[in-house]
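Notes for the one structure printed next.
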Amino acid sequence: MIIKTALFQCSSEKIGQCPKTDKPEFAFIGRSNVGKSSLINMLCNIKGLAKVSSAPGKTRQINHFLINDAWYLVDLPGYGYARVSKNKRQEFSKIIGDYIRQREMMYCLFVLIDVRLEPQQIDIDFIRMLGTEEIPFGIVFTKADKLSATKLNENIEAYKKKLLEEWEELPPIFITSSEKKMGREDILDFIENTIQ
Ligand code: GTP
Ligand code: MG
């Protein structure tokens, strides 16, 4: 898949403000600071398309990016960021919940997981909820550049084992580094095959 054009279309505070469209969309979710916005920039090969910050809680709205005039990448606020107020957290969690349940053209939700960390309960719970709600999803490990090849492999195997405690099959899994542009083709090929 070649990305010829990637355009920021809009930021929506509420699900009702999202584009009314029949184009497929692929969204990125995960804990705050896991690298959702960075991954979108890496996939599109445009620095600064989605806003990135080393401080968690940067993305606060639903951001739609139109790709090749044919489908969308969607950047969502992170979950689980302790340092925003309880009200704000509830607001983010409502935005995320409304988004994943109501966007009929959402073909796949990519759940981003920081590959350096042990499985986090908040992610495991979120993934379980996706199963219950029958939301199509894949798992994207981020920040692979921060680990040695051996440790990377160990952590991914440990994560798979954890998932298999609850799941009969593993979802599609991608290993990425936005820093090193790793995993780009895998994700873009997956998207291409999914929309065909
Ligand atoms: P929120 O919008 O706050 O939910 O965060 P986010 O998930 O969009 O994360 P963002 O892309 O803003 O990245 C957070 C921090 O992680 C930034 O300092 C990035 O430079 C860094 N980062 C993201 N991806 C990678 C990666 O693959 N490797 C490394 N080394 N750093 C990364
Ligand atoms: Mg972000």
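One-based numbering, in listed order, for ligands and for the atoms of each.
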Quick one: look up the protein heavy atom nearest [atom] and list residue, atom name and how far away it is.
{"atom": "atom 10 (P) of ligand 1", "result": "Ser38 OG, 3.6 Å"}
{"atom": "atom 22 (N) of ligand 1", "result": "Lys143 CE, 3.7 Å"}
{"atom": "atom 12 (O) of ligand 1", "result": "Ser53 N, 3.1 Å"}
{"atom": "atom 31 (N) of ligand 1", "result": "Glu179 OE1, 4.0 Å"}
{"atom": "atom 9 (O) of ligand 1", "result": "Gly35 N, 3.2 Å"}
{"atom": "atom 7 (O) of ligand 1", "result": "Lys36 NZ, 2.7 Å"}
{"atom": "atom 27 (O) of ligand 1", "result": "Ser178 N, 2.8 Å"}

Within less than 2.8 Å of the Mg ion (ligand 2), any N, O or S from Ser38?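 Looking at Ser38, which is the residue asked about, there is no N, O or S atom under 2.8 Å from the Mg ion (ligand 2).
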Got a sec: is Ser53 within less than 2.8 Å of the Mg ion (ligand 2) via an N/O/S atom? no
Suppose we call two aromatic rings close when their centres sit under 6.0 Å apart. Are Tyr72 and Phe26 close by that rule?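 No, the ring of Tyr72 stays outside the 6.0 Å limit from the ring of Phe26, centre to centre.
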Test applied, side chain to side chain contact (heavy atoms under 4.5 Å, CB included); reference residue, [X]; option that passes from [options]:
{"X": "Tyr159", "options": "Asn155, Leu163, Ile156", "answer": "Leu163"}
{"X": "Phe137", "options": "Ile29, Ile127, Ile100", "answer": "Ile127"}
{"X": "Cys18", "options": "Arg103, Glu25, Glu13", "answer": "Arg103"}

If we set the cut-off at 4.0 Å for heavy atoms, which region of [X] has an atom near ligand 1: side chain, backbone, both, or neither?
{"X": "Ser32", "answer": "both"}
{"X": "Ser177", "answer": "both"}
{"X": "Lys146", "answer": "side chain"}
{"X": "Asp145", "answer": "side chain"}

If hydrogens are left out, which of [options] has an atom nearest to [atom], that is, the closest non-hydrogen atom?
{"atom": "atom 18 (O) of ligand 1", "options": "Ser54, Ala50, Ser37", "result": "Ser54"}
{"atom": "atom 3 (O) of ligand 1", "options": "Gly57, Pro77, Gly30", "result": "Gly57"}
{"atom": "atom 20 (O) of ligand 1", "options": "Ile40, Val52, Ile29, Asn33", "result": "Val52"}

Can you confirm whether [X] sits close enough to [Y] that some side-chain heavy atom of one is under 4.5 Å from a side-chain heavy atom of the other?
{"X": "Lys14", "Y": "Asp98", "answer": "no"}
{"X": "Thr176", "Y": "Phe141", "answer": "no"}
{"X": "Leu109", "Y": "Phe126", "answer": "yes"}

Could you measure the distance from the CD1 atom of Ile187 to the CE atom of Met182? Nearest 0.5 Å is fine. 10.5 Å
To the nearest 0.5 Å, tell me how far Leu188 CG sits from Glu185 CD.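 Rounded to the nearest 0.5 Å, the CG-CD separation comes out at 6.0 Å.
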Mind checking whether Ala144 has an N or O less than 3.5 Å away from an N or O of ligand 1? no
Report yes if Thr142 has an N/O atom closer than 3.5 Å to an N/O atom of ligand 1; otherwise report no.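 Looking only at distances, the answer is no, because the N/O contact criterion of under 3.5 Å is not met.
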Element-labelled atoms of ligand 1 that are located less than 4.0 Å from some non-hydrogen atom of Pro56: 3 (O)
Under 4.0 Å from any heavy atom of Gly78, which atoms of ligand 1 are there? 4 (O)
Would you say the side chains of Asp114 and Thr142 form a donor-acceptor pair under 3.5 Å?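 Their side chains do not contain a donor-acceptor pair, so the 3.5 Å distance test is not met.
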Is the closest side-chain donor-acceptor distance between Asn45 and Lys181 under 3.5 Å? yes
Flag yes if Leu117 and Val34 sit in one hydrophobic cluster, no otherwise; membership is Ile, Leu, Val, Met, Phe, Trp, Tyr, and two members link when side-chain heavy atoms are under 4.5 Å apart. no
